Amino acid sequence: MTESNKGQKPTKYGIALFPGFQALDVFGPVDILNLLSKSTNLELAILAPTLKPVSTSLEAGGFGQSIVPTHTYEDAPSDIDVLLVPGGLGTRDSACIAVVVAYIQKTFSRLDYLLTVCTGSALVAKSGVLDGRRATSNKRAWKWAITQGPKVDWVLKARWVTDGNIWTSSGISAGIDMMYAFVAEVYGGEVAQDLANASEYRRNTDPNDDPFVEQSGVAS
């Protein structure tokens, strides 16, 4: 967080997209922000390699949904406060995510917060900004994810992990719990609970409550 922004609540959000992103990794957390924006002035930048719609499918014409970007990584706003990086099958395609990795390397020092969902942490780990930090990722992709950042202190049994201004969550739906926890930390616990109530969502408020380690078969 920059000195000038200390004590201020973030208002400018960015989403780092790439082909093959996981839908709920994005739409879960962003829907929380949609509701938050009704009481707090927020701005959203959707970043992608080009301005062409970005699909959740890696295959041309495959089953998926697309998002229309607002900016490319080259012309992204310089004042983004919070960057959200989703996971998905696209994180395994090095060529697909190269521009995202480079953008994170260039931009991280300017961000107030960096949030990742699922294997988004594996993507970010490739940038080096997670080196020496605690982080988690999708348990079903765990063995692959941790190879992307050998200098990261990977935390297996965690729904989400906070280390300084970096928040990382476990697989897919865990991003929703992480975002509610982030909203509670930054905007207030009552605000977060009101948003969860409005969505009729029962929050997991314990970052260490992760029942999916055992289900995934990953050794502890």
Side-chain angles (χ1 to χ4, degrees), residues 13-38 42 44-48 53-59 62-70 82-93 96-97 100 104 113-125 135-142 144-145 148 155-162 166-186 192-193 195-207 209-213 215-216 218:
Y13 285 77
I15 305 172
L17 289 187
F18 48 86
F21 71 92
Q22 184 73 31
L24 194 62
D25 290 11
V26 172
F27 297 127
V30 168
D31 196 59
I32 298 169
L33 297 178
N34 287 344
L35 292 174
L36 179 62
S37 71
K38 297 180 184 301
L42 301 180
L44 180 63
I46 302 173
L47 314 179
V54 184
S55 177
T56 56
S57 174
L58 280 171
E59 301 177 6
F63 185 90
Q65 303 79 47
S66 297
I67 296 181
V68 179
T70 60
V82 184
L83 182 68
L84 175 70
V85 182
L89 291 177
T91 59
R92 292 164 174 77
D93 186 332
C96 180
I97 63 170
V100 192
I104 292 169
Y113 299 97
L114 175 62
L115 280 55
T116 76
V117 182
C118 193
T119 53
S121 58
L123 185 161
V124 172
T136 195
S137 194
N138 187 313
K139 304 311 182 291
R140 290 180 180 269
W142 186 260
W144 169 80
Q148 306 306 297
V155 181
L156 178 60
K157 190 171 177 58
R159 185 71 170 164
W160 71 89
V161 170
T162 307
I166 298 180
W167 295 58
T168 58
S169 81
S170 185
I172 310 179
S173 66
I176 299 174
D177 288 325
M178 179 191 71
M179 181 58 83
Y180 278 121
F182 175 78
V183 170
E185 175 73 19
V186 176
Q193 192 56 52
L195 296 179
N197 291 343
S199 296
E200 298 190 5
Y201 182 79
R202 183 176 293 176
R203 295 170 56 196
N204 177 351
T205 58
D206 182 356
D209 182 8
D210 182 7
F212 298 101
V213 174
Q215 292 184 23
S216 68
V218 180

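Here the structure is a predicted model, which means the values were calculated and not measured. The figures here come from the full heavy-atom set of this structure, side chains too, leaving out hydrogens, waters and symmetry mates.
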Handout entry: Pairwise distance CZ(Arg202) to CG(Asp177) - rounded to 0.5 angstrom
Key = 12.5 Å

Completion exercise
Rounding to 0.5 Å, atoms CD1 (Ile67) and CD1 (Ile46) come to a distance of 5.5 Å

Exercise for the section: State, with a plain yes or no, whether a side-chain heavy atom of Val54 is found less than 4.5 Å away from one of Pro69. Expected result: yes

Completion exercise
Note: Val161 and Val155 closest approach over all heavy atoms is CG2-CB, 3.9 Å

Exercise for the section: Check whether any side-chain heavy atom of Val124 sits under 4.5 Å from a side-chain heavy atom of Thr168, and report yes or no. Expected result: no

Exercise for the section: Provide the closest heavy-atom pair for Gly88 versus Asp25 in the form atom of the first, atom of the second, distance. Expected result: N-OD2, 4.1 Å

Problem - Side chain Asn204, main chain Asp209, donor-acceptor under 3.5 Å - result: yes

Fill in the blank from the handout: Distance col, row Leu44:CG vs Ile15:CD1, nearest 0.5 angstrom, shows 4.5 Å

Problem - Whether Phe182 and Tyr113 hold their rings parallel, tilted or perpendicular, with breakpoints at 30° and 60° - result: perpendicular

Problem - Nearest heavy atoms of Ser170 and Asp210, plus distance in Å - result: OG-OD2, 4.2 Å

Practice task
Evaluate the side-chain proximity of Thr162 to Pro207: yes if any heavy-atom separation is below 4.5 Å, no if none is.
Solution key: no

Problem - More than 12 heavy atoms from other groups under 6.0 Å of CD on Glu59 - result: no

Exercise for the section: Ignoring hydrogens and angles, tell me if any N or O in the side chain of Ser216 forms a donor-acceptor pair with the backbone of Val213 under 3.5 Å. Expected result: yes

Exercise for the section: Determine yes or no for a side-chain-to-main-chain donor-acceptor pair under 3.5 angstrom, with Thr70 supplying the side chain and Ala45 the backbone. Expected result: no

Completion exercise
Taking every heavy atom of Leu195 against every heavy atom of Tyr180, the minimum-distance pair comes out as O-OH, 3.7 Å

Exercise for the section: Applying side chain to side chain contact (heavy atoms under 4.5 Å, CB included), run through Val26 and Leu17 and close with a yes or a no. Expected result: CA-CA 9 Å; Val26 172; Leu17 289 187; 4.0 Å; yes

Completion exercise
Value for CG (Leu35) from OH (Tyr201), rounded to nearest 0.5 Å, stands at 13.5 Å

Completion exercise
Between Val117 and Ile172, the two heavy atoms sitting closest are CG1-O, 3.5 Å

Exercise for the section: Starting at CD1 of Ile97, measure out to CZ of Phe21 and round the result to the nearest 0.5 Å. Expected result: 15.0 Å

Exercise for the section: Check whether any side-chain heavy atom of Thr136 sits under 4.5 Å from a side-chain heavy atom of Ser121, and report yes or no. Expected result: no

Problem - Check: Leu156 and Lys139 side chains under 4.5 Å, non-hydrogen atoms - result: yes

Exercise for the section: State, with a plain yes or no, whether a side-chain heavy atom of Trp167 is found less than 4.5 Å away from one of Met179. Expected result: no

Exercise for the section: Could you pull out the closest heavy-atom pair between Leu84 and Pro29, with the gap in Å? Expected result: CD2-CB, 4.0 Å

Problem - Donor-acceptor under 3.5 Å (Ser55 side chain, Ser66 main chain) - result: no

Practice task
Take Val186 and Val82 through the side chain to side chain contact (heavy atoms under 4.5 Å, CB included) test and state the conclusion after the steps.
Solution key: CA-CA 11 Å; Val186 176; Val82 184; over 6 Å; no

Practice task
Check whether the side chains of Thr119 and Arg140 place a donor and an acceptor atom closer than 3.5 Å, and report yes or no.
Solution key: no

Handout entry: Any Thr91 side-chain heavy atom under 4.5 Å of Phe18 side chain
Key = yes

Practice task
Answer yes or no: is there a side-chain heavy-atom contact under 4.5 Å between Leu115 and Trp160?
Solution key: no

Handout entry: Gap between atom CD1 of Ile176 and atom OG of Ser199 - 0.5 Å precision
Key = 9.0 Å

Exercise for the section: Indicate yes or no for a side-chain donor-acceptor contact from Thr116 to the backbone of Val85 under 3.5 Å, with no hydrogens or angles considered. Expected result: no

